[in-house]
Amino acid sequence: MNLWLLLAINSITFGGLLFLLSAGFSLIFGLMRIPNLTHGSMFMLGAYVGASMVMTFHLPFWIGAAIAALTVAVFGGLIERLLLRRLAGAEQAQVLVTLGISLIVADFCLMVWTGDPISVATPPGLVGGVRFVDLFFPTYRIAIILIACVIGALLWVLLDRTRLGAMIRAGVDDPQMARVVGIRVSRLFTIVFCLGAALAGFGGIMGAPILSVYPGLDNDMLPLALVVVILGGTGSLLGSLVGSFVIGFIYNYGQALFPELAYFVLFLPMVVVLVLRPQGLFGKQAP
Amino acid sequence: MTATRIGLLAGAVVLLTVPLWVPGDYYVSVCSQILIYAIFALGVDVLIGYGGLVSLGHAGLFGIASYAVAYTLAAGVGHIAAVIVALVLALVGTALFAALSLRVTGIGFIMITLAIGELLWGLAYRWISVTNGDNGISVANRPAPFGISLNPPTHFYYATLVVFALSVFAAWVFIGSPLGASLKGTRDQPRRMNALGYHVWLVRFCACMFSGLLTAIAGILFIYYTQFISPQTLTLTASAEPVLMVISGGSGTLLGPIVGAALVEIVKNIASAYITRWNMLLGAIFVAIVIFMPEGLVPGSRRLVRALLKARAKAPAVAAAAEPNSGEPTP
């Protein structure tokens, strides 16, 4: 009985991390129609930068996390401004350039941080667990769940309640018409790309105490982000939230119940959704 | 037309004489590898270049063929039966792959194929009772068609070359056929093709099947080349490789994927001996190609050569036209 509860907590935690990763991915994909295959690399880069800040420079965890998120945001902004901007609509060139960059990032990380996995200490104050009735909950995992919820709420306020959010939604729905009414869609692109990159980088360092940081983390996370977005529907915040938690649960329970078919079980709901509802659970139209 | 023929002839001579002029057995093997990946990339190019469908899951189909050969050989079946089983399984796999992924096009297609490729990788990685997990499956020996053993690298190279030539010819016939022409139609104007009475989905499905066939052939050659298969062959990176080859070489051409395959395999196998950070080099090459030749190396070089020829043809004319003016004093 306790195992099931533990699995549930792990699932929700992992879902929270996936949400940080996939919310930006979904927005970038929905607004810019760019298959950003560097998103896994951004997660990994954030994790490595944050790990260096915390473990080598002994900065407080949250400052390290902020630096990691900012670094990755700047990196994302540079990619968008210098490369992706020229390639609007050229989907093959976008695939080539994003994959090329992810190769470079992976090799760069291998060069700087070597191939040994780095484990990041849980931030002090969040070590240990919380006792509730007669059950024991790890504090850091609860913190991740809370942070993911807060960021989800902030994103919702940003997208649904502010002028910028209204412009982004207009850009997602009809970029040409948004341009016609005077919205600078190209600036929105940069903002959204930086935001998505920052979220991915932040997710990387948040996940580091649980997942640790190792070469290949990028290729482990990218497919998960894709599955979440396919499941939830592109460009939809609610979609990536629900998709993240569904995938979080399937991932953890799948590993525990059918270890031989864990990945098969992970990708199966995606296939079912595709067959029944190709635009995803909360998507508006087929991409 | 004659230039094409001369080029083809030169290419054939170069490929036929490879074991004579490369510096050793290792390099002959690298050339076999280039040809195998060229077949794989051609298969992917049928979809990318002619169908406008970028697949990031083809390593899964490649892997089905390889694993099928390895598994059936390990079960004690002969080479011919193993190859037939591999082809059938890979084609059934491709049919399912196409049925699922062809529900959408564009970026949606990229993502679904990627996810299916990951699913197949997950099976190879975790379904240990069949695939032996991370330890992989080895193949004891290569076949000996007509009594000629394929174990020496040179023999294997020539066998690969024969299959390669047949594959290129098949791709050339396919592209030139009415089916190939209608595939290009579905790439450029799917709605008009539909209005003209073509079954767009079926045309794309046929292209997927042909692409899967080439991929399976490459997969079978690959398992005999390395004599070992592990989930590493089915990773996302492995799926991205042929796509990168096609786009960097030039999609929608028959030569592009071959050039791309040569580029990637040479960096991987030869430059990596001299440069530790060859992955970074490869990434930088891709980014540079996107910046300077977004259409790919083959069409890009063609454009450059044409521009150079035009400039050279124009230069005397311009000089001649400028001369009388330059001598004239301004009024």
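Numbered from 1 within each chain, the chains take letters A, B, ... in sequence-line order.
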Tell me, for F109(B) versus chain A, whether the close heavy atoms (under 4.5 Å) come from the side chain, the backbone, both or neither. neither
Measuring heavy-atom distances to chain A, does V246(B) have an atom under 4.5 Å in its side chain, in its backbone, in both, or in neither? neither
Measuring from L103(A):CG to I285(B):CD1, what's the distance to the nearest 0.5 Å? 10.5 Å
Side chain, backbone, both or neither: which part of V229(A) has a heavy atom under 4.5 Å from chain B? side chain
Name the region of L96(A), side chain, backbone, both or neither, that has any atom closer than 4.5 Å to a heavy atom of chain B. both
More than 12 heavy atoms of other residues, nucleotides or ligands under 6.0 Å from OH of Y71(B): yes or no? no
With a 4.5 angstrom heavy-atom cut-off, is it the side chain or the backbone of W121(B) that approaches chain A, or both, or neither? side chain
Is M177(A) atom CE crowded by more than 12 heavy atoms from other residues, nucleotides or ligands, each under 6.0 Å away? no
Check the pair L83(A) / V290(B) against side chain to side chain contact (heavy atoms under 4.5 Å, CB included), numbers first and verdict last. CA-CA 9 Å; L83(A) 287 169; V290(B) 166; 5.5 Å; no
Mind checking whether I291(B) and V97(A) have side chains closer than 4.5 Å, heavy atoms only? no
Can you tell me if CZ on R85(A) sees more than 12 non-hydrogen neighbours from other groups inside 6.0 Å? yes
Just wondering, are more than 12 heavy atoms of other shown residues or ligands nearer than 6.0 Å to OH in Y253(A)? yes
Heavy-atom proximity to chain B below 4.5 Å, by part of F108(A): both
Drop me the distance from L282(B)'s CG to I104(A)'s CD1, to the nearest 0.5 angstrom. 9.0 Å
Distance-only polar pair, side chains of N219(A) and T237(B), donor-acceptor under 3.5 Å: yes
Heavy-atom nearest pair, V287(B) first then G100(A), reads CG2-C, 4.5 Å
Report the C-alpha separation of L37(A) and L56(B) in whole Å, then their side-chain angles, then the decisive distance to 0.1 Å, and conclude whether the side chain to side chain contact (heavy atoms under 4.5 Å, CB included) test is met. CA-CA 11 Å; L37(A) 302 177; L56(B) 277 177; 3.7 Å; yes
So which residue, T235(B), I48(B), V54(B), ends up with the most heavy-atom pairs under 4.5 Å with chain A? I48(B)
Spatial distance of atom OG1 (T98(A)) from atom CZ (F286(B)) [nearest 0.5 Å]: 11.5 Å
To the nearest 0.5 angstrom, please state how far the CG atom of N279(B) sits from the CG atom of D107(A). 4.5 Å
Which atoms of L281(B) are under 4.5 Å from chain A, going by heavy atoms: the side chain, the backbone, both sets, or neither? neither
If you count heavy-atom pairs under 4.5 Å with chain A, which of P294(B), G122(B), G296(B), A99(B) comes out on top? G122(B)
Atom CH2 of residue position W127(B) - does it have more than 12 heavy atoms of other residues, nucleotides or ligands inside 6.0 Å? no
Within the 4.5 Å heavy-atom criterion, are E118(B) and L266(A) side-chain neighbours or not? no
Spacing of CG belonging to L99(A) relative to CG belonging to L236(B), to within rounding of 0.5 Å: 7.0 Å
Heavy-atom cut-off 4.5 Å, strictly under: side chain, backbone, both or neither for L119(B) against chain A? both
Between chain B and each of Q94(A), R86(A), Q255(A), count heavy-atom pairs under 4.5 Å; write down the option with the most. Q255(A)
